[in-house]
Amino acid sequence: TIGMIAVDRNGNVATGTSTNGASHKIPGRVGDSPVIGAGSYADSLVGGAAATGDGDTMMRFLPSYQAVENMRLGADPTTACQKAIDRIQKRIPVFFGAIICANRTGSYGAACSKAPGFTQFHYSVFKPDLSQPLEEIVDCL
Amino acid sequence: QPPLPLVVNTWPFHSATQAAWKALSAGGSPLDAVERGCAQCEVDQCDGTVGYGGSPDESGETTLDAMIMDGNTMAVGAVANLRRIKNAIGVARAVMDHTKHTFLVGESASLFAESMGFVCEDLTTNRSLSIYSKWLDLRCQPNFRKNVTPDPTKSCGPYKPVRGLPEEKTSSLQKEVDLHSHD
């Protein structure tokens with residue numbers, strides 16, 4: 001799955017996702033990716049967020065919407081992502097999931113939930129003064 | 001003040017990041033950048049988790065889900081369980097641009113895509129066939145069914161529901177992580 005946030009130089013925000021979902025799913029099953037507020041969410045007044053992982057779990061908590069609302073309430077992107085993950089962990093202590101966040105001024109961050117075989121999350125960034133994408137890594141909570 | 005513009009995406013799918021950046025640099029909108037970036041991943045079949053030829057379902061078919069959102073207008077285009085169309089993010093953008101709806105699913109979404117000029121083709125590849133064959137050889141493990149007979153942890157279907165469901169435990173949402181099977 002890919003989840004993406006793009007912000008132009010005027011602070012206009014768009015987000016998107018694309019996926020082929022979980023392997024061996026029951027035909028007809030849809031995960032969080034195309035669900036607004038779950039797979040991603042954007043508000044140019046604030047910023048954007050996009051999630052990835054076990055969609056059957058994550059879609060129940062609308063983490064992308066939650067992260068954008070966290071930023072609206074003043075959280076920086078990293079904290080906003082962490083709080084969205086933390087909210088899920090309070091109900092599902094161990095789950096496979098990660099989220100990226102960016103605000104309309106160009107700050108960004110990420111967070112993930114530690115699970116067996118998943119302790120760090122890698123994501124990709126492009127910003128001015130880079131000649132190629134930058135791979136960022138975050139330790140999972 | 002952090003620099004703008006900015007592209008961020010989940011996982012180290014650098015060609016997608018680059019494609020989105022290129023679109024922004026060429027004067028495209030953030031929507032164009034997201035569409036271009038995700039489309040690149042669909043072509044690249046990023047990690048086997050995006051695009052055609054990955055994550056076959058119980059029937060061996062690959063279906064695609066995608067969504068795009070404009071943070072200015074709050075407009076959204078989304079598609080799910082899209083069959084036979086490779087460019088899922090493009091169809092999501094078409095839902096946004098050419099309908100007053102938000103979310104189209106299944107066979108009807110594919111028919112919409114075809115009517116909008118998207119190419120209809122098989123999403124199966126040798127790789128997805130191989131994944132499916134191995135799953136059948138492993139007696140359909142891992143398996144998302146529960147409370148059915150025969151026992152889905154040991155047997156393939158067809159399945160029927162069992163009577164008298166056991167009490168649900170909160171831990172039932174906890175699953176093993178497969179880094180190449182995610183949304």
Side-chain angles (χ1 to χ4, degrees), chain A residues 1-9 12-28 30-34 36 39-44 48 50 52-55 57 92 94-96 98 100 102 105-108 115-118 122-129 133 135, chain B residues 1-14 16-18 20-21 24 29-31 33-35 37-38 41-42 46 49-51 54-59 62 64-72 76 78-81 88-89 131 135 142-144 173-175 177 179 181-183:
Chain A
T1 304
I2 184 170
M4 181 174 276
I5 308 166
V7 189
D8 72 10
R9 62 183 73 254
N12 300 304
V13 181
T15 62
T17 61
S18 182
T19 187
N20 53 31
S23 283
H24 317 305
K25 57 188 165 286
I26 298 168
V30 173
D32 64 324
S33 297
I36 301 103
S40 82
Y41 197 71
D43 185 341
S44 294
T52 184
D54 172 9
T57 296
I92 317 290
V94 181
F95 75 98
F96 170 37
I100 55 170
T105 63
S107 293
Y108 64 88
F118 184 62
H122 296 237
Y123 62 105
S124 187
V125 178
F126 217 129
K127 56 187 178 180
D129 302 328
E135 185 167 330
Chain B
Q1 189 82 340
L4 285 171
L6 174 72
V7 174
V8 190
N9 61 261
T10 57
W11 307 105
F13 299 150
H14 300 314
T17 324
Q18 198 136 24
W21 180 261
L24 270 183
S29 69
L31 273 182
V34 166
E35 182 184 357
C38 291
C41 233
E42 291 169 350
C46 285
T49 64
V50 183
S55 304
D57 66 17
E58 279 186 351
S59 309
T62 295
L64 304 180
D65 307 331
M67 179 255 281
I68 190 164
M69 180 165 192
D70 182 342
N72 285 341
V76 174
V79 287
N81 204 17
I89 191 73
I131 294 169
W135 182 74
N143 195 301
F144 289 99
L173 273 174
Q174 295 179 9
K175 300 162 196 159
V177 172
L179 288 176
S181 173
H182 56 69
D183 300 283

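In the text below, chain A, chain B and the rest are named by the order of the sequence lines, each starting its count at 1.
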Which atoms of [X] are under 4.5 Å from chain A, going by heavy atoms: the side chain, the backbone, both sets, or neither?
{"X": "B:Trp21", "value": "side chain"}
{"X": "B:Glu42", "value": "side chain"}
{"X": "B:Val76", "value": "side chain"}
{"X": "B:Cys41", "value": "side chain"}

Mind ranking [options] by heavy-atom pairs under 4.5 Å with chain A and telling me who comes out on top?
{"options": "B:Leu64, B:Asn81, B:Asn72, B:Thr62", "answer": "B:Asn72"}
{"options": "B:Val34, B:Val79, B:Val8, B:Asp70", "answer": "B:Val8"}
{"options": "B:Pro56, B:Ala33, B:Ala78", "answer": "B:Pro56"}

Looking only at non-hydrogen atoms, find the nearest pair between [X] and [Y] and report the distance.
{"X": "B:Ser55", "Y": "A:Lys25", "result": "O-NZ, 3.0 Å"}
{"X": "A:Ser18", "Y": "B:Ala88", "result": "OG-CB, 4.4 Å"}
{"X": "B:Gln18", "Y": "A:Pro133", "result": "OE1-CD, 3.7 Å"}
{"X": "B:His182", "Y": "A:Thr19", "result": "O-OG1, 3.5 Å"}
{"X": "B:Leu4", "Y": "A:Gly106", "result": "CD2-CA, 3.5 Å"}
{"X": "A:Ala6", "Y": "B:Pro30", "result": "O-CB, 3.6 Å"}

If you apply the rule side chain to side chain contact (heavy atoms under 4.5 Å, CB included), what do you find for A:Ile2 with B:Trp11, and how did you get there?
CA-CA 7 Å; A:Ile2 184 170; B:Trp11 307 105; 5.9 Å; no
message = If we define contacts as heavy-atom pairs under 4.5 Å, which of A:Ala50, A:Ser23, A:Gly28, A:Gly48 has the most with chain B?
response =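 The answer is A:Ser23.
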Hey, which of A:Pro34, A:Ala14, A:Ala42, A:Gly16 has the most heavy atom pairs under 4.5 Å with chain B?
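Answer, by heavy-atom pair count under 4.5 Å with chain B: A:Pro34.
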Distance check, rounded to the nearest 0.5 Å: [X] atom [atom1] versus [Y] atom [atom2]?
{"X": "B:Asp65", "Y": "A:Asp32", "atom1": "CG", "atom2": "CG", "result": "9.0 Å"}
{"X": "B:Met67", "Y": "A:Ser40", "atom1": "CE", "atom2": "OG", "result": "3.5 Å"}
{"X": "A:Thr15", "Y": "B:Leu31", "atom1": "OG1", "atom2": "CG", "result": "8.5 Å"}

Verify, without hydrogens or angle tests, whether A:Asn20 (side chain) and B:Gly51 (backbone) share a donor-acceptor contact under 3.5 angstrom.
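Yes, the answer is positive, given that a donor and an acceptor are paired below the 3.5 Å cut-off.
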Quick one: does any side-chain atom of B:Thr17 pair with a main-chain N or O of A:Phe126 as donor and acceptor, under 3.5 Å?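 No, B:Thr17 side chain to A:Phe126 backbone: no donor-acceptor pair under 3.5 Å.
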- In sequence, state the C-alpha distance, the side-chain angles, and the governing distance for A:Thr1 and B:Asp183, and then conclude on side-chain hydrogen bond (donor to acceptor under 3.5 Å, both in side chains). CA-CA 5 Å; A:Thr1 304; B:Asp183 300 283; 5.3 Å; no
Checking A:Ser107 now: which residues fulfil side chain to side chain donor-acceptor pair (under 3.5 Å) with it, not counting sequence neighbours?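 Partners of A:Ser107 by the side chain to side chain donor-acceptor pair (under 3.5 Å) criterion come out as none, since no residue qualifies.
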Taking only residues two or more places apart in sequence or in another chain, which ones pass side chain to side chain donor-acceptor pair (under 3.5 Å) with B:Thr10?
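Side chain to side chain donor-acceptor pair (under 3.5 Å) check on B:Thr10 returns nothing, list empty.
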Please assess A:Arg9 against B:Leu24 for the test side chain to side chain contact (heavy atoms under 4.5 Å, CB included), listing each intermediate value before the final yes or no.
-> CA-CA 9 Å; A:Arg9 62 183 73 254; B:Leu24 270 183; over 6 Å; no
Is it the side chain or the backbone of A:Ala22 that comes within 4.5 Å of chain B heavy atoms, both, or neither?
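For A:Ala22, heavy atoms of backbone and side chain both lie under 4.5 Å from chain B.
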